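Only heavy atoms go into these numbers, but all of them, side chains included; no hydrogens, no water, no symmetry mates. Please read all numbers here as calculations on a predicted model, not as lab measurements.
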Amino acid sequence: MNGQPRHVRITGTGSALPGKPVSNADLMARGIDTSDEWIVERTGIRTRYLAEDGQSTVSLGTEAAQRALQMAGRTAADIDLIVLATSTPDYIFPSSATLIQDRLGAHANGAAFDVQAVCSGFLYALVTAEKFIRSGSHQRALVIGADVFSRILDWQDRSTCVLFGDGAGAVVLEAADAPGILAGVLHADGAQNRLLCVLGTVSHGQVQGDPFLRMDGQAVFRFAVKALSDVAHEAFAQAGVSADTVDWLIPHQANLRIISATAKRLKLPMARVITTVAHHGNTSAASVPLALDEAVRSGQVQAGHRLLFEGIGGGFAWGAALVDF
Ligand code: UT7
């Protein structure tokens with residue numbers, strides 16, 4: 001590389017959604033005491049996709065990865081790193097990344113591991129993989145975000161069960177001559193660990209603790225808007241660019257009100273924000289790569305566009321990445 005830092009670019013995107021869309025009315029028909037009006041007004045969510053029997057983080061992640069490989073014009077044999085962001089792995093171990101490696105047929109080809117940073121997981125996985133490639137130790141990575149939160153929701157708790165959906169998104173990352181990922185900033189504050197959590201595990205052959213997602217929605221909301229705008233500014237400073245050079249903000253899709261409040265603080269009009277929360281719900285680690293893939297395939301995001309990715313969730317953990325696509 002002639003002593004020059006090598007660059008890292010996204011060369012393909014892919015995504016996968018399970019089952020059929022489930023509307024707010026469908027949830028009411030399943031006995032949840034809610035209304036379409038409440039959900040749409042408070043969150044912007046109209047539908048979500050819920051995994052069916054036989055579908056899982058590994059099956060959805062594999063599908064998304066295959067589509068990303070196809071767009072990049074690569075095969076599994078070209079990949080020497082798989083980083084999967086998930087909080088809902090198929091098993092405690094082996095990691096779901098190794099199971100995806102096996103399904104892709106990329107046997108014993110490089111490294112594969114899971115990253116657990118909940119809704120900011122894709123940012124953590126992307127920034128991690130970018131550093132592997134930039135260092136020269138690896139050439140081509142699959143970075144996947146996949147989650148099936150429907151399996152950790154308390155369907156009796158209307159304040160959380162209406163918010164989430166299942167899905168997966170993936171990108172292929174490659175060493176390149178021209179800049180792609182311009183900045184990546186990650187943060188965590190473990191003091192906030194009880195705001196959004198699943199305080200359960202398997203021990204001595206049984207579920208110990210509470211196996212369901214619990215959230216203090218209002219506290220999360222307040223924390224998220226400030227953290228997301230602050231971390232975006234850190235990414236701009238790291239790359240030495242200004243906010244007005246961003247073509248598209250692609251934020252974690254948790255709530256339309258959080259997205260629009262963050263965009264407002266960044267002085268970005270909603271016309272330059274990719275939103276999929278209305279039809280995907282909150283898909284946790286999958287939400288940013290799912291939104292990216294949808295926007296690439298619809299022609300909104302095009303080669304040469306500058307993108308700002310952001311995510312925040314349980315931990316608390318959050319991050320941003322600035323990317324020339
Ligand atoms: O991935 C990151 C994680 N999550 C987030 O980013 C979520 C952040 N937080 C939020 O998006 C919002 O706080 C929520 C959408 C979760 C809740 O909105 P809110 O405006 O903060 O509502 P609230 O929790 O203050 O509840 C207001 C009312 C309550 O009734 P009362 O006590 O005022 O009579 C709730 O019982 O809304 C009621 N409620 C519902 N009503 C109908 C709560 N959930 C529902 C529901 N349907 N599903």
Side-chain angles (χ1 to χ4, degrees), residues 27 32 34 39 42-43 45 48 50-51 56-57 61 84-93 95-97 113-125 127-128 145-168 186-228 230-231 251-255 257-259 262 277 280-288 310-320:
L27 293 184
I32 297 165
T34 188
I39 300 172
R42 306 281 175 135
T43 72
I45 298 168
R48 74 285 291 144
L50 303 179
S56 70
T57 288
L84 167 70
T86 188
S87 312
T88 49
D90 283 25
Y91 304 116
I92 291 177
F93 68 81
S95 73
S96 292
F113 58 91
D114 291 2
V115 162
Q116 219 279 36
V118 201
C119 298
S120 62
F122 181 74
L123 272 303
Y124 268 72
V127 171
T128 301
D147 267 311
V148 286
F149 266 41
S150 62
R151 308 234 164 102
I152 53 166
L153 294 174
D154 176 355
W155 289 95
Q156 308 301 316
D157 176 7
R158 67 177 183 170
S159 71
T160 53
C161 72
V162 303
L163 305 176
F164 294 89
D166 303 329
L186 302 176
H187 286 295
D189 178 3
Q192 312 298 330
N193 70 77
R194 296 299 162 103
L195 294 188
L196 175 52
C197 50
V198 181
L199 298 179
T201 189
V202 175
S203 178
H204 301 298
Q206 289 178 333
V207 172
Q208 303 279 332
D210 178 359
F212 296 122
L213 180 150
R214 305 294 175 200
M215 179 170 71
D216 178 344
Q218 291 195 354
V220 169
F221 197 110
R222 285 192 297 274
F223 193 95
V225 174
K226 181 169 183 331
L228 288 173
D230 288 352
V231 77
H252 172 48
Q253 308 283 321
N255 181 317
R257 289 189 295 146
I258 294 180
I259 294 172
T262 308
V277 66
H280 291 164
N282 180 347
T283 57
S284 192
S287 88
V288 170
E310 290 199 311
I312 186 162
F316 250 60
W318 65 102

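Taken to the nearest 0.5 Å, the OG1 atom of T86 stands 8.0 Å off from the CD atom of Q116. Atom CD1 of I258 is separated from atom CZ of F223 by 12.0 Å, given to the nearest 0.5 angstrom. To the nearest 0.5 Å, the span separating SG on C161 from CD1 on I32 amounts to 4.0 Å. The distance from atom OG of S284 to atom CZ of F122, rounded to the nearest 0.5 Å, is 13.0 Å. Expressed to the nearest 0.5 Å, how far CD of Q156 lies from CZ of F212 amounts to 8.5 Å. Considering CD of E310 and CH2 of W318, their distance stands at 12.5 Å, rounded to 0.5 Å.
Using a 4.5 Å heavy-atom cutoff, the side chains of V118 and I312 are not in contact. With a 4.5 Å cut-off on side-chain heavy atoms, V220 and Q218 do not count as touching. When side chains are defined from C-beta on, N255 counts as touching F221, because their heavy atoms get closer than 4.5 Å. Using a 4.5 Å heavy-atom cutoff, the side chains of N282 and V277 are not in contact. Inter-residue side-chain proximity for L213 and F149 is flagged as met; some heavy-atom pair is nearer than 4.5 Å. With contacts defined as side-chain heavy-atom distances shorter than 4.5 Å, the pair W155/S150 qualifies. Inter-residue side-chain proximity for P251 and L228 is flagged as unmet; no heavy-atom pair is nearer than 4.5 Å. No side-chain heavy atom of H252 sits less than 4.5 Å from a side-chain heavy atom of I259.
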So F164 and L153, side chain to side chain contact (heavy atoms under 4.5 Å, CB included) or not? Walk me through it.
CA-CA 8 Å; F164 294 89; L153 294 174; 3.7 Å; yes
Run the salt bridge (Lys or Arg N to Asp or Glu O under 4.0 Å) check on D166 and R151 step by step: do they pass?
CA-CA 9 Å; D166 303 329; R151 308 234 164 102; over 6 Å; no
Steps toward side chain to side chain contact (heavy atoms under 4.5 Å, CB included) verdict (V115, L84):
CA-CA 6 Å; V115 162; L84 167 70; over 6 Å; no
Show, in sequence, the C-alpha distance, side-chain angles and deciding distance for V162 and T34, and conclude whether the side chain to side chain contact (heavy atoms under 4.5 Å, CB included) test is met.
CA-CA 8 Å; V162 303; T34 188; 4.2 Å; yes
Worked verdict on R48 versus L27 for side chain to side chain contact (heavy atoms under 4.5 Å, CB included)
CA-CA 10 Å; R48 74 285 291 144; L27 293 184; 3.5 Å; yes
Worked check of side-chain hydrogen bond (donor to acceptor under 3.5 Å, both in side chains) between T88 and D147
CA-CA 6 Å; T88 49; D147 267 311; 2.6 Å; yes
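For the pair G313 and C119, the tightest heavy-atom approach, listed with the atom from each and the gap, is CA-CB, 3.8 Å. In plain terms, the two heavy atoms of R42 and R257 that are nearest each other are O-NE, 2.8 Å. Taking both residues in full, the closest heavy atoms of A85 and A285 are given as O-CB, 3.5 Å, listed atom of the first, atom of the second, then distance. Shortest non-hydrogen contact noted between P211 and G209 is CD-O, 3.6 Å. Here the closest heavy-atom approach between residue A51 and residue V148 is recorded as CB-CG1, 3.9 Å.
Other residues, nucleotides and ligands contribute more than 12 heavy atoms inside 6.0 Å of the CD atom of Q208.
Looking only at distances, a side-chain donor or acceptor of S287 sits under 3.5 Å from a matching main-chain atom of Q253.
With sequence neighbours excluded, the residues satisfying side-chain hydrogen bond (donor to acceptor under 3.5 Å, both in side chains) with D90 are S56.
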Just distance, no hydrogens or angles: give the donor-acceptor pairs under 3.5 Å from side chains in residues 191-202, sequence neighbours left out.
{"unit_1": "Q192", "atom_1": "NE2", "unit_2": "D189", "atom_2": "OD2", "d": "3.2"}
{"unit_1": "N193", "atom_1": "ND2", "unit_2": "G190", "atom_2": "O", "d": "2.8"}

